[in-house]
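Here's the structure we're looking at; comments come further down.
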2 protein chains.
Amino acid sequence: MEAKQTILVVDDDKSIVELLRDFLENEGFSVKIAHDAKRALVVLEENAIHALILDIMMPGQSGFELCRQIRAESDVPILFLSARSDDIDKIRGLALGGDDYIVKTASPGEIVARVKAVLRRSHSQPKRNVIDYDRLTLDLSTREVLLDGQSVSLTPKEYDLLRLFAEHPKHVFTYEQLLERFWEGVGDKHTVRVQLSRLREKIEPNPNAPQFIKNVWGIGYCFKGE
Amino acid sequence: MEAKQTILVVDDDKSIVELLRDFLENEGFSVKIAHDAKRALVVLEENAIHALILDIMMPGQSGFELCRQIRAESDVPILFLSARSDDIDKIRGLALGGDDYIVKTASPGEIVARVKAVLRRSHSQPKRNVIDYDRLTLDLSTREVLLDGQSVSLTPKEYDLLRLFAEHPKHVFTYEQLLERFWEGVGDKHTVRVQLSRLREKIEPNPNAPQFIKNVWGIGYCFKGE
DNA sequence: CAAAAAAGTCACAAAACGATCACAACATTT
DNA sequence: AAATGTTGTGATCGTTTTGTGACTTTTTTG
């Protein structure tokens with residue numbers, strides 16, 4: 001007794017778009033098409049879109065940039081589409097807010113399954129804006145951070161960093177990725193270290209033996225959520 | 001049923017580039033051009049490239065060096081292009097990460113066939129980010145290494161070495177190749193031995209009788225994955 | 001079997017890396 | 001404009017990693 005769900009497919013490659021449209025319509029989805037980022041935003045505005053499939057590589061504005069723009073306003077599930085699966089590690093590292101990642105060579109069945117999976121997730125969990133670990137809690141809507149129930153006041157950069165880490169536990173972020181994301185690519189590893197040192201000072205029960213933000217030698221940092 | 005694949009051709013010789021472009025476009029590939037290494041990296045960054053054709057001899061940075069740089073971040077198939085066929089023997093075994101080698105005098109048909117072959121190979125193996133042997137597991141995205149399920153902490157160099165070996169089981173790497181790849185060509189065989197000794201200490205169940213990294217007398221080392 | 005060459009191990013020093021402090025530059029608020 | 005808070009840079013110190021030399025063990029060869 002469900003209404004038809006609408007998926008927006010964004011890719012400049014028409015053959016891929018057609019392919020995906022076939023798969024998805026066969027499974028009972030309604031499909032909208034956009035061939036570039038600008039058009040995608042328009043379609044998104046004018047239709048009730050339940051999920052997006054987004055090509056990373058597109059002429060003009062990239063899928064990355066588009067994702068960021070969409071995320072600024074909406075939490076609609078986004079699936080990234082990439083030609084090469086080794087891109088996917090890089091994308092995960094960038095933590096752009098994609099909900100899943102598909103390789104273009106994936107089978108029709110797999111693609112449809114992934115789409116259904118993110119839809120299921122987004123339905124059952126109508127947006128969680130609190131990240132909760134044993135002792136540490138982030139409220140994403142108010143930017144409030146609690147350590148053992150006590151409010152901790154973080155600067156903007158500290159909070160943004162912590163949020164990225166807390167949203168991706170166990171993932172190793174390289175210095176380069178962090179610089180890319182928080183310092184527009186210009187800057188020094190040292191800057192990252194100092195910033196994280198200050199963050200630890202505030203959120204680590206014992207900053208000398210960090211529990212949450214761990215260093216990975218020669219590479220970068222990683223968040224451990226128990 | 002497949003999307004257009006994009007090939008990046010890197011060669012300073014414009015006539016060769018044009019020739020290759022014609023061949024490949026005739027076969028339905030999309031072709032990008034770069035005349036030097038620097039430009040190639042930019043193009044690679046900005047486009048979804050499915051394979052590279054790389055001239056070995058180029059002014060400035062050589063094809064070797066470029067290949068190494070690319071391999072540091074990606075597993076995109078690389079075909080080397082050389083004027084003389086006797087160069088090619090030298091290149092093979094250098095373990096630079098090239099996937100095939102073409103002589104410049106090869107026929108259009110052969111070149112296209114080679115390109116298609118590497119593409120097929122790279123597709124059928126959708127690039128795993130976990131390398132799994134019976135007792136040893138590498139997670140390429142988190143750089144985590146497990147021995148019998150137990151986490152092993154490796155230094156950056158140890159991990160990089162292990163990864164190379166684990167990715168190319170049964171392949172014999174000479175001291176020279178290892179020095180070339182991990183020590184920028186400067187260094188001593190002794191350094192390699194010590195480094196591998198330390199690595200064995202950590203990953204070999206019995207370091208006195210190595211199971212994974214075996215020595216090849218007088219030549220170098222080799223990884224046995226059962 | 002002995003000598004030579006290659007490989008392995010250990011210990012120590014040099015180099016690279018990470019954490020922290022202090023201070024200056026910059027932005028924000030009042 | 002002063003006060004306050006935030007962020008980047010330089011200096012310093014402790015830690016981890018890595019290269020080198022001395023020494024031992026193993027393998028090859030005559």
Side-chain angles (χ1 to χ4, degrees), chain A residues 143 145 151-165 172-224, chain B residues 143 145 151-165 172-224:
Chain A
R143 296 176 70 96
V145 177
S151 175
V152 178
S153 117
L154 298 182
T155 70
K157 210 146 221 160
E158 285 163 2
Y159 174 84
D160 291 342
L161 275 161
L162 179 58
R163 170 171 176 173
L164 176 68
F165 279 109
V172 177
F173 292 93
T174 68
Y175 288 104
E176 287 71 23
Q177 286 168 347
L178 294 169
L179 283 168
E180 182 65 32
R181 194 171 160 76
F182 294 101
W183 283 270
E184 285 81 48
V186 291
D188 188 82
K189 296 183 183 191
H190 180 53
T191 307
V192 179
R193 290 192 193 111
V194 173
Q195 207 54 245
L196 285 178
S197 168
R198 294 202 255 251
L199 176 54
R200 280 169 163 171
E201 186 65 34
K202 293 183 181 175
I203 62 155
E204 291 286 357
N206 175 12
N208 295 331
Q211 290 198 334
F212 299 117
I213 297 176
K214 305 245 188 190
N215 174 258
V216 181
W217 250 86
I219 309 297
Y221 295 86
C222 167
F223 188 92
K224 301 280 179 198
Chain B
R143 298 176 69 98
V145 177
S151 177
V152 179
S153 115
L154 299 183
T155 70
K157 209 144 222 160
E158 284 162 1
Y159 174 84
D160 291 343
L161 275 160
L162 178 58
R163 172 172 175 172
L164 176 69
F165 279 109
V172 177
F173 293 94
T174 68
Y175 289 104
E176 288 72 23
Q177 287 166 354
L178 294 170
L179 282 168
E180 183 64 30
R181 200 172 158 79
F182 293 100
W183 283 270
E184 286 82 47
V186 293
D188 189 81
K189 294 184 183 188
H190 181 51
T191 307
V192 179
R193 290 194 193 110
V194 173
Q195 206 55 245
L196 286 178
S197 167
R198 293 201 257 251
L199 176 55
R200 281 168 164 171
E201 186 67 33
K202 293 183 180 175
I203 62 155
E204 291 286 357
N206 175 12
N208 294 331
Q211 291 197 333
F212 298 117
I213 297 176
K214 305 249 189 187
N215 174 258
V216 180
W217 190 267
I219 310 296
Y221 295 86
C222 167
F223 188 91
K224 302 282 180 197

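Hydrogens, waters and symmetry mates are skipped; everything else that's a heavy atom, side chains included, is used. If you're wondering where the values come from, they're calculated on a predicted model, not measured in any experiment. Naming convention: chains lettered A, B, ... in sequence-line order (proteins, then strands); numbering from 1 in each chain.
- Considering CG of A:N215 and OH of A:Y221, their distance stands at 5.0 Å, rounded to 0.5 Å.
- Of all nucleotides listed (D:dT6, C:dT20, C:dC17), C:dT20 comes nearest to the side chain of A:V194.
- Close to C:dC10, at under 4.0 Å from its OP1 or OP2, lies no side-chain N or O of B:S197.
- Counting distance only, with no hydrogens placed and no angle test, the side-chain atoms of A:R193 and the base atoms of D:dG8 include no donor-acceptor pair under 3.5 Å.
- Side chain of B:E158 to backbone of B:Q195: no donor-acceptor contact under 3.5 angstrom is found.
- Here C:dT20 presents its P atom at 7 Å from CZ of A:R200, a figure rounded to the nearest Å.
- Taking all atoms of both residues into account, the shortest heavy-atom contact from A:Q211 to A:P205 is OE1-CG, 4.3 Å.
- Contacts of B:Y175 with the nucleic acid, taken as non-hydrogen atoms under 4.0 Å apart, involve only primed sugar atoms and P, OP1 or OP2.
- Here the CG atom belonging to A:D188 is positioned 10.0 Å from the OH atom belonging to A:Y175, to the nearest 0.5 angstrom.
- Within the 4.0 Å cut-off from OP1 or OP2 of D:dG8, at least one side-chain nitrogen or oxygen of A:K157 is found.
- Residue B:Q195 is classed as a sugar-phosphate contact, given heavy-atom separations below 4.0 Å to backbone atoms only.
- At whole-Å resolution of the value, CD in B:E176 and C1' in C:dA6 are 13 Å apart.
- The overall bend of the helix from C:dC1-D:dG30 to C:dT30-D:dA1, read as the angle between its terminal helix axes built from five base pairs each, is 30° when rounded to 10 degrees.
- B:G187 comes within contact range of no nucleotide atom at all, as no heavy-atom separation falls under 4.0 Å.
- None of A:T155, A:V145, A:L162 except one satisfies the side-chain contact (heavy atoms from CB on, under 4.5 Å) rule with A:K202; the exception is A:T155.
- When the nucleotides C:dA7, C:dA19, D:dT18 are ranked by their closest atom to the side chain of B:N215, C:dA7 comes out on top.
- Note: CD (B:E184) to P (C:dA16) measures 11 Å, nearest angstrom.
- Residues B:L179 and B:K189 come closest through the heavy atom pair CD1-N, 4.2 Å.
- A:N208 has its CG atom 13 Å from the C1' atom of D:dT15, to the nearest Å.
- Here the straight-line distance linking atom CG of A:L154 with atom CZ of A:R143 works out to 9.0 Å at 0.5 Å rounding.
- For C:dA16, neither phosphate oxygen OP1 nor OP2 lies less than 4.0 angstrom from any side-chain nitrogen or oxygen of A:W217.
- A:T191 has a side-chain polar atom (N or O) that falls below the 4.0 Å cut-off from OP1 or OP2 of D:dT9.
- In this structure, B:D188 reaches neither bases nor backbone, as no heavy-atom distance under 4.0 Å exists between it and the strands shown.
- Rounded to whole Å, the distance from CG on A:L199 to P on D:dG5 is 19 Å.
- How far CG of A:L178 is from CG of A:D160: 12.0 Å, rounded to the nearest 0.5 Å.
- The ring of B:F212 has its center no closer than 6.0 angstrom to the ring center of B:F165.
- The heavy-atom pair separating B:K214 from B:K224 by the smallest distance is CG-CG, 3.5 Å.
- Atom NE2 in A:H190 sits about 15 Å away from atom P in D:dC13, given to the nearest Å.
- B:Y221 comes within 4.0 angstrom of the backbone, heavy atoms only, and of no base.
- To the nearest 0.5 Å, the span separating CD on A:Q177 from CZ on A:F182 amounts to 11.0 Å.
- Rounded to whole Å, the distance from CG on B:L179 to C1' on D:dT18 is 14 Å.
- A straight line from CG of A:L154 to C1' of D:dG5 spans 14 Å, rounded to a whole angstrom.
- In terms of polar N and O atoms assigned as donor or acceptor, the side chain of B:R198 never comes within less than 3.5 Å of the base of C:dG8 in a complementary pairing.
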Measure all distances between protein nitrogen or oxygen atoms and nitrogen or oxygen atoms of nucleotides 24-30 of chain C, and list the pairs falling under 3.5 Å.
none

